[in-house]
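Given the structure is predicted, the values throughout are model-derived calculations rather than measurements.
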Amino acid sequence: MLSAAIPTCPLAPLLDPFLRHSSSIQTRSQAQQLHALLLKSHPRPFPLLFSLYSALGLVRDARLAFAAAPSPSPPCYAAVIRCSTARGLFDYSVSAFVRMRSFGSPLADAVLPSVLKSCAALRDPHLGTAVHGFLIRSGWGADLFTANALMNMYCKLCHANDDGRRNSPAEVSSGDAVGGDSRKSGFSHASKFRMGPLGSVRKVFDEMPQRDVVSWNTLIAGAAESGMHVEALEMIKEMGVAGLKPDSFTLSSVLPIFAEYVDGYKGMEIHGFAIRHAFDTDVFIGSSLIDMYANCTNVDYSRRVFVLLPNPDPISWNSIIAGLVQNGMFDEGLKLFREMLLCRIKPMPVTFSGIMPACAHLTTLRLGIQLHGYVVRGGFAGNVFVASSLVDMYAKCGNVHIARRVFDGLPSPDSVSWTAMIMGYALHGPAKEALSLFQRMETENGKPNHVAFVAVLTACSHAGLVDEAWDYFHRMSNDYGIIPRLEHYAAVADLLGRAGKLEEAYDFISTMHIKPTASVWSTLLGACRVHKNAKLAENVAAKIFDIEPNNMGSHVLMSNIYSAAGRWNEVAKLRMTMKDKGMKKQAACSWIEIKNELHAFFAHDTSHPCYNKITNALKVLLGQMEREGYVPNTEDVLHDIEEEQKRNMLCGHSERLAIAFGIISTPPGTTIRVTKNLRVCVDCHTATKFISKIVGREIVVRDSNRFHHFKDGECSCGDYW
DNA sequence: ATAGGGTTAG
């Protein structure tokens with residue numbers, strides 16, 4: 001190619017084969033030798049040299065060579081600009097372009113697409129529009145590649161302000177007000193398109209003299225990302241009319257739409273299309289399909305797609321792991337994470353934010369700490385997604401202080417980090433911390449969203465702060481314009497109920513502006529049980545059974561309420577109903593991790609190999625507890641049996657077995673961490689307070705609702721839960 | 001030369 005320029009040089013015959021077959025240059029020193037020969041043979045630098053250095057990843061050498069060039073030719077500028085863009089050195093690419101313009105050097109072919117790509121990556125609207133103006137003046141406006149790159153740049157620029165997450169605020173995309181300006185494009189929705197944030201993109205598209213698949217794909221992807229879902233799907237049809245077939249790029253930009261709409265059926269149609277056109281082995285499509293099926297709770301299909309991918313890439317792994325975890329298949333997620341490591345695929349920040357919730361839900365602090373170590377070693381600790389998931393994991397695994405330390409280490413926590421931390425305090429009890437953090441969030445992070453309000457209301461609820469909760473509840477809509485959702489109502493109703501304001505709670509739920517669910521009523525039913533209001537309970541239960549006739553939790557609660565009131569006939573009747581409906585009470589279970597091994601206990605479970613030791617320890621403890629003033633509270637033993645038997649029943653509760661086992665299997669002073677699947681029982685709560693004092697241990701119990709930290713005879717919940 | 005996939009808090 002350029003060898004035509006060389007004949008004047010005696011070295012030319014030597015160089016020629018290398019310049020013709022640049023792939024024969026494989027190492028840095030070979031490239032440098034060629035560079036040296038070129039410098040000797042030819043006063044002006046060779047464009048190929050820059051491409052060569054860049055292809056070998058030696059961008060520094062390329063830049064040095066370029067900086068030393070006295071007056072680079074247009075092809076040299078072009079090579080440097082293209083290479084630096086391809087290597088991600090966007091600012092360098094732009095400054096080379098600016099330098100080229102300032103010397104008045106003519107524009108080589110195929111430079112502008114790279115410059116525009118760099119402008120897009122830099123998210124600099126002034127730069128972008130300046131280049132746009134220049135390219136029109138210099139007559140490149142009609143160039144297909146340039147216009148495509150221009151569209152892409154405007155797409156990126158209009159998403160410059162959101163933080164890259166999927167749920168950007170959707171444009172109105174219903175079918176109204178169509179018609180509009182259809183002269184130019186002939187497309188019914190063009191006018192709406194032009195008025196939206198993608199106006200510039202659409203304008204470029206409409207004015208292109210010719211369009212290819214990339215043009216369409218860029219426009220479709222832009223629409224899909226801006227929430228203009230209907231338009232995006234409509235345009236796929238239109239591109240067919242224009243004689244262009246959708247390809248794997250087209251599909252991968254519209255698949256997330258079905259994931260977001262949770263329309264697995266439509267998603268499956270696309271999957272079928274992908275299979276028919278042999279796109280289904282494309283990793284991009286594969287990852288989108290995995291995510292789409294996982295979002296539609298059809299994670300088995302996600303798994304099938306993953307298994308059928310011939311060459312899953314790191315993102316495919318991330319997708320399947322996150323998909324499994326999001327669908328509650330925590331062990332499976334962890335298993336795949338281990339497989340991923342075995343396949344020598346390096347985890348990325350997303351891998352950890354995807355897998356960490358599994359540890360949080362499983363309450364497996366040990367594994368969480370291991371992953372945290374991995375995060376630190378991998379240099380991902382500064383990633384706000386990862387850090388937020390760590391905050392959440394530590395809080396959910398019972399270590400709210402470490403959670404706080406991770407949180408405090410974040411240079412700029414986002415709303416998720418704040419909310420995770422506030423929720424952490426809410427779960428553990430220090431409501432003051434939660435409230436003061438919320439206040440800090442308002443000043444430092446700006447507008448709290450609806451989830452932050454769920455967290456702060458939960459904190460109030462768990463601490464019995466009725467007035468504060470009302471204040472937040474009202475400020476939420478008055479100051480921030482957030483319409484209360486079910487979760488907010490539920491938190492307030494729960495709070496009122498637990499504070500004993502049963503009638504007020506009843507009225508509150510009855511006048512909600514959305515239809516209360518069975519679960520909202522259930523919290524009140526629970527409160528009726530605690531505050532022994534059987535009459536209101538019957539009323540509430542009727543509401544629940546009206547919505548969910550087979551709601552098992554409420555049958556159990558109602559049965560407990562009747563037993564507590566000694567109404568054994570009603571209990572029997574309810575039990576019959578439950579039996580008829582085939583409902584089975586969820587068995588109480590507590591578990592504890594000792595030396596990397598999980599020990600689970602059901603109530604009155606004698607199967608554990610250490611069962612005898614455990615009961616002996618409990619017997620000894622009971623004696624000490626009674627000397628300290630412990631009186632068994634048999635109120636909640638809901639069986640029609642003698643008092644003595646009731647006392648024995650209490651000792652067999654699953655949490656007590658787990659705690660006793662923890663005490664006899666760990667060195668003195670070790671914190672005991674127990675998890676229970678149901679709420680902790682009143683008597684066990686009292687007993688654990690005594691036990692913590694007697695054995696001088698901190699005992700952390702996570703029940704289905706919150707954490708209890710027992711220490712020196714006190715509990716962090718202040719006996720309010 | 002230009003276009004694509006995955007993540008955290010209730």
Discussion item. Using whole Å, what does the distance between atom P of nucleotide dT2(B) and atom CG of D212(A) come to?
Written reply: 13 Å
Response to the item:
In whole angstroms, the gap separating C1' of dT2(B) from CD of Q210(A) amounts to 13 Å
Item to complete: Could you check whether T351(A) gets within reach of a base, just the sugar-phosphate, or nothing at all, counting any heavy atom under 4.0 Å?
Response: nothing
Fill in: Selection from dT2(B), dA9(B), dG4(B) that lies nearest to any side-chain heavy atom of K156(A)
dG4(B)
Worksheet entry | Closest to the F385(A) side chain, choosing from dT8(B), dG4(B), dA3(B) | dT8(B)
Worksheet entry | Polar side-chain contact S389(A)-dT8(B) base: donor and acceptor under 3.5 Å | no
Worksheet, complete the sentence: Of dA3(B), dT8(B), dG10(B), the nucleotide closest to the side chain of H450(A) is dG10(B)
Practice prompt. Would you confirm whether the ring centroid of F473(A) sits within less than 6.0 angstrom of the ring centroid of Y489(A)?
Written response: yes
Worksheet item: Got a sec, which residues hit ring-ring contact (aromatic ring centres under 6.0 Å, His included) with Y293(A), two or more places apart in sequence or on another chain?
Response: H271(A), Y301(A)
Worksheet item: Quick one: L219(A) CG to dG4(B) P, roughly how many Å, whole number?
Response: 13 Å
Worksheet item: Quick one: the side chain of D282(A) and the base of dG4(B), do they pair up donor-acceptor inside 3.5 Å?
Response: yes
Item to complete: Name the orientation class of the two ring planes belonging to F352(A) and Y374(A) (parallel below 30°, tilted from 30 to 60°, perpendicular beyond 60°).
Response: tilted
Worksheet item: Looking across every strand, which nucleic acid part, if any, lies under 4.0 Å from S319(A) by heavy atom: base, sugar-phosphate, or nothing?
Response: sugar-phosphate
Practice prompt. Measure from CZ on R404(A) to C1' on dA9(B) and round the result to the nearest Å.
Written response: 16 Å
Fill in: N148(A) side chain near dA3(B) phosphate (N/O to OP1/OP2, under 4.0 Å)
no
Response to the item:
note: Y374(A), atom OH; dT7(B), atom P; distance rounded to Å ~ 21 Å
Item to complete: For the side chain of V416(A), starting at C-beta, report the closest nucleotide among dT8(B), dG5(B), dT2(B).
Response: dT8(B)
Worksheet item: What is the ring orientation for F66(A) with Y77(A), classed by angle as parallel under 30°, tilted 30 to 60°, or perpendicular over 60°?
Response: perpendicular
Worksheet item: Nearest of dT8(B), dG4(B), dT2(B) to any side-chain atom of D414(A)?
Response: dT8(B)
Discussion item. Expressed as a whole number of angstroms, how long is the span from L324(A):CG to dT7(B):P?
Written reply: 12 Å
Item to complete: List in chain and number order the residues that pass side-chain contact (heavy atoms from CB on, under 4.5 Å) with S461(A), two or more places apart in sequence or in another chain; answer none if no residue qualifies.
Response: D494(A), L495(A), R498(A)
Worksheet item: For residues S288(A) and D291(A), is any side-chain donor paired with an opposing acceptor at under 3.5 Å?
Response: no
Item to complete: Looking only at side-chain atoms of F284(A), point me to the closest of dG4(B), dT7(B), dG10(B).
Response: dG4(B)
Worksheet entry | Options dA9(B), dA3(B), dA1(B), nucleotide nearest the side-chain atoms of F145(A) | dA1(B)
Item to complete: Pick base, sugar-phosphate or nothing for T218(A), based on heavy-atom distances below 4.0 Å to the nucleic acid.
Response: sugar-phosphate
Worksheet item: With a 3.5 Å cut-off and no angle check, do the side chains of D313(A) and S316(A) form a donor-acceptor pair?
Response: yes
Discussion item. Is there, by distance only and without an angle test, a donor paired with an acceptor across the side chain of N449(A) and the base of dA9(B) below 3.5 Å?
Written reply: yes
Discussion item. Is there, by distance only and without an angle test, a donor paired with an acceptor across the side chain of S252(A) and the base of dG5(B) below 3.5 Å?
Written reply: no
Worksheet item: Does K396(A) put a side-chain nitrogen or oxygen below 4.0 Å from OP1 or OP2 of dG10(B)?
Response: yes
Practice prompt. Give the nucleotide from the list dG5(B), dA9(B), dG4(B) with an atom nearest to the side chain of N152(A).
Written response: dG4(B)
Item to complete: Classify the side chain of S248(A) versus the base of dG4(B) as yes if they form a donor-acceptor pair under 3.5 Å and no if they do not.
Response: yes
Item to complete: Taking only the side-chain heavy atoms of D247(A) (C-beta and beyond), determine which of dT7(B), dA3(B), dG5(B) contains the nearest atom.
Response: dA3(B)
Worksheet item: Base, sugar-phosphate, or nothing for M421(A), non-hydrogen atoms under 4.0 angstrom?
Response: nothing
Item to complete: Describe the nucleic acid contact of A455(A) in one word from base, sugar-phosphate, nothing, applying a heavy-atom distance below 4.0 Å.
Response: nothing
Item to complete: Using whole Å, report how far CD1 of I236(A) lies from P of dG4(B).
Response: 16 Å
Worksheet item: Contact class for V391(A) vs. all strands (heavy atom < 4.0 Å): base, sugar-phosphate, or nothing?
Response: nothing
Fill in: Selected nucleotide, minimal atom distance to D392(A) side chain, candidates dA1(B), dA3(B), dG10(B)
dG10(B)
Worksheet, complete the sentence: To the nearest angstrom, the CE-P distance between M153(A) and dA3(B) comes to 12 Å
Worksheet item: Less than 3.5 Å between a donor and an acceptor, one on the side chain of D313(A) and one on the base of dG5(B), is that the case here?
Response: yes
